[in-house]
2 protein chains.
Amino acid sequence: MSLGTSLRVTKQRQVLLDELCKVRSHPTADELYQMVRRRLPRISLGTVYRNLELMAENGMIQKLAVGGTQKRFDGNAAPHYHVRCLKCDRVDDLDLSLELDVEQKARKHTDFTIVRHSLEFAGLCPECC
Amino acid sequence: MSLGTSLRVTKQRQVLLDELCKVRSHPTADELYQMVRRRLPRISLGTVYRNLELMAENGMIQKLAVGGTQKRFDGNAAPHYHVRCLKCDRVDDLDLSLELDVEQKARKHTDFTIVRHSLEFAGLCPECC
DNA sequence: GTGTCTGCAAACCATTTGCATCGGT
DNA sequence: ACCGATGCAAATGGTTTGCAGACAC
């Protein structure tokens with residue numbers, strides 16, 4: 001869990017990362033579990049959760065706390081925003097790098113030491129409306 | 001649950017709203033339960049959840065999906081942003097009305113019909129750092 | 001009186017964890 | 001050989017729900 005910890009290369013880890021990186025969707029842990037299971041039928045849900053957590057901590061992937069109840073994961077570790085469909089729950093990327101100054105602005109309105117921010121959009125995807 | 005539905009005025013509802021509105025913090029359902037229980041010892045957690053949900057739907061209060069595992073509630077129904085302390089989990093308001101154009105900007109980068117957005121800041125409160 | 005609201009307890013569901021075994025280094 | 005990783009199943013914890021009685025209107 002600390003900085004010096006290097007993760008071992010296990011089959012489970014490899015396949016999990018591979019499956020996550022090859023989709024454009026932003027799957028939940030359970031969706032990923034189903035995907036990986038096709039290649040590793042004996043993998044457990046617990047392993048999926050543990051590895052997603054570890055890989056997120058190590059900056060290899062992103063854990064998204066988007067709207068719904070389940071967390072979602074993104075194989076693209078670079079910072080970017082997301083839009084979520086209110087009807088079908090689909091989550092898309094959003095290339096909106098322009099406003100990196102929100103944190104600067106926010107700093108002027110609080111005595112908190114701002115470390116990061118999260119911005120999520122919600123609406124209707126082209127299919128749903 | 002629909003527009004025509006007007007909520008009945010019950011003691012539970014009154015006290016709950018009153019307690020929520022008189023604090024500046026952004027309590028979780030359980031914290032609110034503890035607060036209300038001092039005045040209505042027989043109220044149940046279920047009632048607290050049901051009413052918070054209903055009042056949020058009716059725009060009387062706000063349900064916040066901020067960072068952590070538990071949802072938080074805000075007696076101030078007017079749209080505004082929040083900062084959350086990464087250490088003690090305290091949540092403060094943020095008067096940052098300046099950038100109402102984020103949605104406009106976002107619209108240019110997606111084919112979703114954007115309805116709303118949520119923006120949350122995280123950092124360290126003055127007490128924690 | 002009618003239909004909503006409440007308290008209670010059980011159900012839910014995403015996620016976490018304990019433990020014995022397995023496997024990467 | 002060591003220690004992290006895994007599978008399995010049970011535990012957790014926030015939230016939801018079914019039901020019978022109580023209460024607002």
Side-chain angles (χ1 to χ4, degrees), chain A residues 1-20 26-58 60-73 84 89 91, chain B residues 1-20 26-58 60-73 84 89 91:
Chain A
M1 56 165 64
S2 66
L3 287 172
T5 314
S6 63
L7 303 182
R8 286 183 180 172
V9 180
T10 65
K11 202 80 204 154
Q12 291 83 337
R13 215 100 88 184
Q14 289 174 328
V15 175
L16 195 47
L17 185 56
D18 183 55
E19 290 292 327
L20 178 55
H26 302 73
T28 62
D30 195 74
E31 284 167 351
L32 236 1
Y33 174 53
Q34 304 303 339
M35 294 158 63
V36 170
R37 219 138 70 112
R38 294 198 289 263
R39 290 164 65 182
L40 299 176
R42 298 193 54 74
I43 197 175
S44 76
L45 229 202
T47 297
V48 171
Y49 273 106
R50 274 185 288 235
N51 282 325
L52 288 172
E53 192 62 46
L54 282 173
M55 294 193 296
E57 277 176 14
N58 280 44
M60 305 163 68
I61 66 174
Q62 268 189 84
K63 174 155 55 157
L64 309 181
V66 241
T69 49
Q70 283 156 279
K71 293 195 175 57
R72 294 178 168 274
F73 297 86
R84 181 175 47 93
D89 229 52
V91 175
Chain B
M1 55 167 63
S2 65
L3 288 173
T5 314
S6 66
L7 303 181
R8 286 186 178 169
V9 181
T10 65
K11 202 81 204 152
Q12 290 84 338
R13 215 101 89 186
Q14 290 174 328
V15 175
L16 195 46
L17 185 57
D18 183 54
E19 289 292 327
L20 178 54
H26 302 74
T28 62
D30 195 74
E31 283 166 351
L32 237 0
Y33 174 52
Q34 303 303 339
M35 291 158 65
V36 170
R37 216 135 74 110
R38 293 198 288 264
R39 289 165 64 182
L40 298 176
R42 297 193 55 76
I43 196 173
S44 76
L45 229 201
T47 297
V48 172
Y49 273 107
R50 274 184 289 235
N51 283 325
L52 288 172
E53 193 62 47
L54 282 173
M55 296 195 294
E57 277 175 13
N58 280 45
M60 302 163 68
I61 66 172
Q62 269 189 83
K63 173 155 57 157
L64 309 180
V66 242
T69 51
Q70 282 157 280
K71 294 194 176 56
R72 293 178 169 275
F73 298 85
R84 180 175 48 93
D89 229 50
V91 175

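No hydrogens, no waters, no symmetry mates; every other heavy atom, side chains included, goes into these values. A, B, ... follow the sequence lines: proteins, then strands. Residue 1 opens every chain. These numbers were taken from a predicted model, which means no experiment stands behind them.
Across all strands shown, A/Ile43 has heavy atoms under 4.0 Å from sugar-phosphate atoms exclusively, and none from any base. Residue A/Asp30 is classed as having no contact, given no heavy-atom separation below 4.0 Å to the nucleic acid.
The nearest pair of heavy atoms linking B/Val91 to B/His26 is O-ND1, 2.9 Å. Scanning both residues, B/Leu20 and B/Leu52, for their nearest heavy atoms gives CD2-CD2, 4.5 Å. The nearest pair of heavy atoms linking B/Leu32 to B/Pro27 is CD2-CG, 3.8 Å. Closest approach of A/Tyr33 to A/Leu45, counting heavy atoms only: CE1-N, 3.6 Å.
Defining each end axis of the helix from C/dG1-D/dC25 to C/dT25-D/dA1 as the rotation carrying four pairs' C1' atoms onto the next four, with five pairs an end, the two axes are found to diverge by 40° to 10 degrees.
For the pair A/Tyr33 OH and C/dA14 C1', the interatomic distance rounds to 14 Å; values are reported in whole Å. For the pair A/Leu52 CG and D/dT6 C1', the interatomic distance rounds to 15 Å; values are reported in whole Å. For the pair B/Gln12 CD and D/dA22 P, the computed distance is 14 Å after rounding to whole Å. Between B/Leu45 atom CG and D/dT15 atom P the separation is 9 Å, expressed in whole Å. One interatomic measurement links the two molecules: CZ of A/Arg8 to C1' of D/dA1, which rounds to 11 Å at whole-angstrom precision. Atom CE of A/Met55 is separated from atom P of D/dG4 by 19 Å (rounded to the nearest Å). Atom pair B/Leu7:CG and C/dT6:C1' shows a separation of 14 Å (rounding to whole Å applied). Nucleotide C/dA9 holds its P atom 14 Å from the CZ atom of B/Arg50, rounded to whole Å.
Side-chain atoms of B/Asn51 come within 3.5 Å of backbone N or O of B/Thr47 as a donor-acceptor pair.
OP1 or OP2 of D/dT15 has at least one side-chain nitrogen or oxygen of B/Tyr49 nearer than 4.0 Å. The side chain of A/Arg13 contributes an N or O atom lying less than 4.0 Å from OP1 or OP2 of D/dT6. For A/Thr47 and D/dG7, the shortest distance from a side-chain N or O to OP1 or OP2 is below 4.0 Å. OP1 or OP2 of C/dC8 has at least one side-chain nitrogen or oxygen of B/Arg42 nearer than 4.0 Å.
A 4.5 Å side-chain heavy-atom check between B/Glu53 and B/Lys63 finds at least one atom pair inside the cut-off.
Counting only heavy atoms from C-beta on, B/Ala29 has its side chain closest to D/dT15 among D/dT16, D/dT15, D/dT6.
None of B/Arg39, B/Arg37, B/Arg13 except one satisfies the salt bridge (Lys or Arg N to Asp or Glu O under 4.0 Å) rule with B/Glu19; the exception is B/Arg39.
Each of B/Gly46 and B/Thr69 has a nearest nucleotide on DNA chain D; the 5'-most of these lies closest to B/Thr69. Along DNA chain D, the nucleotide nearest B/Lys71 and the nucleotide nearest A/Thr10 are compared for position; the residue whose nucleotide lies closer to the 5' end is A/Thr10.
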